[in-house]
Amino acid sequence: MDRNEELFERAQDSIPGGVNSPVRAFRSVGGAPRFIERAKGPYMWDVEGKRFIDYILSWGPMILGHNNEAVIADVEAAAEKGLSFGTATEAEIRIAEEIRKIVPSMEQVRLVSSGTEAGMSAIRLARGYTNRNKIIKFEGCYHGHSDALLVKAGSGLLTFGNPSSSGVPASVTEHTLVLEYNNPQQLEDAFKEFGSDIACVIVEAVAGNMNLVRATPEFIHTMRRLCTEYGALMIVDEVMTGFRVELGGAQAHYGVTPDLTMLGKVIGGGMPVAAFGGRREIMQHVAPVGGVYQAGTLSGNPVAVACGLATLKAIQAPGFYDTLFGQTKKLVDGLTAAAKENNITFCADHVGGMFGLYFLPEIPTGFADVMKSNTEQFNTFFHGMLDRGVYFAPSTFEAGFVSVVHTDEVIAETVNAARDVFAQMK
Ligand SMILES: *Cc1c(COP(=O)(O)O)cnc(C)c1O
């Protein structure tokens, strides 16, 4: 048994499944998760001292690579002044102003500590603002684990969803309508039938929690039009896509202005910061000015905010996104070519600095397509790469991430390892 296996066994005694978030447990690929000791740049080292090229990057936040020196310096300086005050600080104004500058649709911003909280709060706000009950979400999109969003599609089209987790009463999800991603006609039909009681539509404009699936512009723009027509709010969940698919996020990529936006992951730069925000007139309904209650002991934590601010500063350096997108493209092109050389049914896609790898003949456009992935081949690929020191997400239903310090050398090492694994898979 190696140290990872030992620790995994020990962990399962005091932590359910040995992990503090389910996908970390390697359930779908098998084996023991790697227990990480430290990380730097594009690399992480486990407790055995083995080095991995990291394409998970804490599920997106480490866009600068691990342990960026400027970020660490600001975090240390903030920590020295105090870990938490439970009251207002100037840094909170600075990060709100910075977010507004980068994402202009967010005229006002409320900080929270996780994407889950951002989603839960945005939905409460949408319901409070519109005085309506129903919400629309899409199959395969993830917006955190709050009750009303843990829902799977009903048995027919245009039926309300059933809880996808035990512990969620059906009465909590009875107002959540689950529709197909990239199906504008279905959205149109749903508004025709329920429009006067729809509070909001929530969407990942580039989906990253069912592998990577791009929305079609038609889907996004139909959503915007219908929300405006029926007085519902459009919530774009940019927890993953924010500062990732473009500096201004998916809304900049598609040229759409949502009513509310959720941010997370990159805005904390690896520490717990998330946010929701949008039109001033809507945000004025949040407590203490409005009647929609929302609060948090550690919201706007000074150390976490320092980390976020330093990260937001670094990503605005000239050429940052050209480098990030260029390196992501090289990875995707390299892996695609390596699979082709070995006649493996495989394709890959990227939007900005996030990517999808698919054991499918064509790039998927929705959840049903992704479900057809060859999971057996994925698992072989995943473990082959892990053995060779390349760390991809341990599930075919997750997007991957590149940082700005994934250099040509790092990408080449990855592609060479993949060529080797694909050759053994034929
Ligand atoms: C990660 C994620 C969330 C949840 O954020 P947490 O910080 O894990 O609660 C919500 N929405 C999307 C799109 C995400 O990728």
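Just follow the structure's listing: the first ligand is 1, and inside any ligand the first atom is 1.
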Contact partition for [X] relative to ligand 1, non-hydrogen atoms under 4.0 Å:
X: N209; answer: side chain
X: E204; answer: side chain
X: K265; answer: side chain

May I ask you to check if K329 and F325 form a cation-pi contact, with NZ or CZ under 6.0 angstrom from the six-membered ring centre and within 45° of the axis? no

Is R51 positioned over the aromatic face of Y43, cation under 6.0 angstrom from the ring centre and no more than 45 degrees off axis? yes

Using a 4.0 Å cut-off to any heavy atom of [X], which atoms of ligand 1 qualify?
X: S114; value: 7 (O), 9 (O)
X: M240; value: 15 (O)
X: D237; value: 10 (C), 11 (N), 12 (C), 13 (C)

N/O of T116 under 3.5 Å from N/O of ligand 1, yes or no? yes

Please report whether ligand 1 has a polar contact with Y142, defined as an N or O pair separated by less than 3.5 Å (distance criterion only). yes

Check: F392 ring centre within less than 6.0 Å of Y55 ring centre: yes

Between Y181 and F219, is the gap from one ring center to the other below 6.0 Å? yes

Going by distance alone, is a donor N or O of one side chain under 3.5 Å from an acceptor N or O of the other, for Q251 and T257? no

With no hydrogens and no angle check, do the side chains of H143 and D237 hold a donor and an acceptor under 3.5 Å apart? yes

Step by step, would you call F381 with F359 a ring pair (Phe, Tyr, Trp, His ring centres under 6.0 Å)? CA-CA 10 Å; F381 175 76; F359 287 88; 5.6 Å; yes

Got the closest protein heavy atom to atom 7 (O) of ligand 1, with its distance? G115 N, 2.8 Å

Under 4.0 Å from atom 11 (N) of ligand 1, is there at least one protein heavy atom? yes

